[in-house]
Number of protein chains: 2
Amino acid sequence: MRRVTTVTNTRELAHPAREEIRLEGILHALSDPMRMRVVRALATTEDELSCSHFVLPVTKSTTTHHFRVLRESGVIQQVYRGTAKMNGLRRADLDALFPGLLDSILEAASREAGRLGDEA
Amino acid sequence: MRRVTTVTNTRELAHPAREEIRLEGILHALSDPMRMRVVRALATTEDELSCSHFVLPVTKSTTTHHFRVLRESGVIQQVYRGTAKMNGLRRADLDALFPGLLDSILEAASREAGRLGDEA
DNA sequence: CGCTTCGTACGATAGCTCTCGTAGTACGGG
DNA sequence: CCCGTACTACGAGAGCTATCGTACGAAGCG
């Protein structure tokens with residue numbers, strides 16, 4: 001029952017620092033179809049998207065799990081905004097660490113989607 | 001006891017066709033340190049390298065396992081040459097499917113290795 | 001103060017995966 | 001024909017992972 005005086009958010013989320021991000025972790029995170037889907041959606045916009053914005057064919061707890069994997073691997077950043085949890089790609093960090101990598105992977109994903117008829 | 005009349009190799013290895021290669025599978029294959037190590041070594045040369053050329057800190061059966069994962073995901077091609085099994089990157093196929101992807105990942109791996117002091 | 005919406009925590013389960021050891025097959029050389 | 005080298009197959013174990021369901025907490029709305 002601790003009272004909070006600030007208007008802003010209390011719930012904090014642990015993110016790896018830029019230097020802690022590992023290529024291995026990124027590749028692993030993106031090797032799951034659900035997570036790749038999320039990242040591709042995030043890449044299409046500058047805005048942050050809420051978790052509930054995504055409609056994945058899995059339950060909500062599983063979705064939470066995937067977002068956590070993405071956050072802990074350093075691919076996305078998450079912040080609470082009211083009841084919603086907003087998600088954004090860590091573009092600056094990823095580009096600084098591995099220039100061109102994210103774009104190559106996104107391009108590859110897009111290519112494959114097109115090739116397999118998923119479109120987009 | 002089947003006798004073979006041909007002089008060339010009998011043992012065939014199953015490889016995915018180019019169109020069967022999946023990005024997901026590639027990323028997963030490369031998200032393992034041992035396998036990334038192998039791929040990085042293969043990328044440094046045009047030649048094919050035998051499995052025994054690699055000295056990984058795991059047993060031989062584990063090594064066999066990793067090579068199989070790489071082959072089945074379409075990252076490498078393998079062929080028997082006498083008692084040896086030669087390995088080569090499937091550069092042409094990968095570049096055709098996902099232009100720039102392999103190089104970006106290799107570059108990222110190299111960057112991280114440098115950053116972490118592994119050198120090379 | 002309830003109610004709703006959004007997301008989390010926890011426990012469970014099935015399946016995969018990395019690892020090993022042992023036993024075995026294929027090839028080439030003497 | 002036997003032996004050594006190179007790699008495989010199989011079985012097993014420990015650990016991770018994707019998934020679910022249920023129960024819960026946090027924020028906002030009326």
Side-chain angles (χ1 to χ4, degrees), chain A residues 1-15 22 24-38 48-73 75-87, chain B residues 1-15 22 24-38 48-73 75-87:
Chain A
M1 297 304 176
R2 78 210 124 90
R3 299 282 262 36
V4 182
T5 48
T6 54
V7 190
T8 56
N9 267 288
T10 36
R11 294 183 281 177
E12 285 303 315
L13 292 162
H15 290 76
R22 293 287 171 273
E24 185 183 322
I26 295 177
L27 298 182
H28 172 248
L30 296 181
S31 72
D32 180 279
M34 295 302 151
R35 293 194 288 258
M36 177 60 91
R37 225 159 122 162
V38 168
E48 294 186 312
L49 301 176
S50 73
C51 288
S52 56
H53 172 271
F54 300 88
V55 255
L56 302 176
V58 291
T59 63
K60 258 205 263 199
S61 22
T62 302
T63 302
T64 297
H65 160 69
H66 286 308
F67 275 105
R68 176 167 42 221
V69 172
L70 285 171
R71 172 168 45 83
E72 292 181 346
S73 66
V75 176
I76 67 170
Q77 55 200 332
Q78 299 188 290
V79 58
Y80 284 105
R81 197 100 72 206
T83 66
K85 191 184 200 172
M86 308 306 286
N87 305 275
Chain B
M1 294 300 185
R2 80 210 121 86
R3 299 283 260 37
V4 182
T5 49
T6 54
V7 189
T8 54
N9 266 291
T10 37
R11 292 182 283 177
E12 285 304 313
L13 292 162
H15 289 78
R22 295 286 170 273
E24 185 185 321
I26 296 177
L27 297 182
H28 172 248
L30 297 182
S31 72
D32 180 279
M34 294 302 152
R35 293 193 289 259
M36 177 61 92
R37 223 159 122 165
V38 168
E48 294 185 312
L49 300 177
S50 72
C51 289
S52 56
H53 173 270
F54 299 88
V55 254
L56 302 177
V58 292
T59 63
K60 261 208 256 195
S61 25
T62 302
T63 302
T64 297
H65 159 70
H66 285 308
F67 275 105
R68 179 169 34 219
V69 173
L70 285 171
R71 172 168 45 83
E72 292 179 346
S73 67
V75 176
I76 67 169
Q77 55 199 336
Q78 299 188 291
V79 57
Y80 283 106
R81 197 98 73 204
T83 65
K85 193 183 198 172
M86 307 305 289
N87 304 276

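Reminder, nothing fancy here: chain letters follow the sequence lines and each chain counts from 1. From a predicted model like this one, the values you see are computed outputs, not experimental measurements.
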Exercise. Does B/S50 or A/S31 map to a spot on DNA chain D nearer the 5' end, using the closest nucleotide for each?
Worked result: B/S50
For this session: Find the distance A/E24:CD to C/dC18:C1' and express it as a whole number of Å.
Result: 12 Å
Exercise. Has A/S61 got a side-chain N or O lying under 4.0 Å from the OP1 or OP2 atom of D/dC20?
Worked result: no
Problem set entry | Any A/R81 side-chain nitrogen or oxygen under 4.0 Å from OP1 or OP2 of D/dA27 | no
Problem set entry | Length of the line joining A/Q78:CD and C/dC6:P, which is rounded to integer Å | 16 Å
For this session: Send over the distance from B/D32 CG to D/dG15 C1', rounded to a whole Å.
Result: 14 Å
Seminar exercise, completed: In short, A/H28 meets A/R35 closest at the heavy-atom pair O-NH2, 3.6 Å
For this session: Quickly work out the A/K60 NZ to C/dA9 C1' distance and round it to whole Å.
Result: 14 Å
Seminar exercise, completed: Numerically ordered, the residues 63-73 of chain B set in heavy-atom contact under 4.0 Å with DNA chain D is B/T64, B/R68
For this session: Provide, to the nearest angstrom, the distance between the CG atom belonging to A/N87 and the C1' atom belonging to C/dC6.
Result: 12 Å
Exercise. If you round to the nearest 0.5 Å, how far is CZ of A/R81 from CE of A/M86?
Worked result: 6.0 Å
Exercise. Quick one: does B/V38's side chain get under 4.5 Å of B/L56's, heavy atoms only?
Worked result: yes
Exercise. Say you draw a straight line from OG1 of B/T63 to CZ of B/F54; how long is it, rounded to the nearest 0.5 Å?
Worked result: 10.0 Å
Exercise. If you take all heavy atoms of A/D32 and A/M34, which pair is closest and at what distance?
Worked result: OD1-N, 2.8 Å
Exercise. Given atom NE2 of A/H28 and atom P of D/dG15, what is their separation to the nearest angstrom?
Worked result: 17 Å
For this session: Find the distance B/L56:CG to D/dC7:P and express it as a whole number of Å.
Result: 12 Å
Exercise. Closer than 4.0 Å, any side-chain N/O of A/S52 to the OP1 or OP2 of C/dT5?
Worked result: no
Exercise. Do any side-chain nitrogens or oxygens of A/H53 fall under 4.0 Å of OP1 or OP2 in C/dC6?
Worked result: no
For this session: Could you list the residues that satisfy salt bridge (charged side-chain N to carboxylate O under 4.0 Å, His left out) with B/E72, not counting sequence neighbours?
Result: none
Exercise. Within less than 4.0 Å of OP1 or OP2 of C/dC20, is there a side-chain N or O belonging to B/T59?
Worked result: yes
Exercise. Does a side-chain N or O from B/T62 land closer than 4.0 Å to OP1 or OP2 of C/dC20, or not?
Worked result: yes
Exercise. Could you give all pairs that pass the side-chain hydrogen bond (donor to acceptor under 3.5 Å, both in side chains) test and reach residues 49-58 of chain A, with sequence neighbours left out?
Worked result: A/S50-A/S52
Exercise. Taking atom P of C/dT17 as reference, at what distance in whole Å does atom CG of B/L30 sit?
Worked result: 14 Å
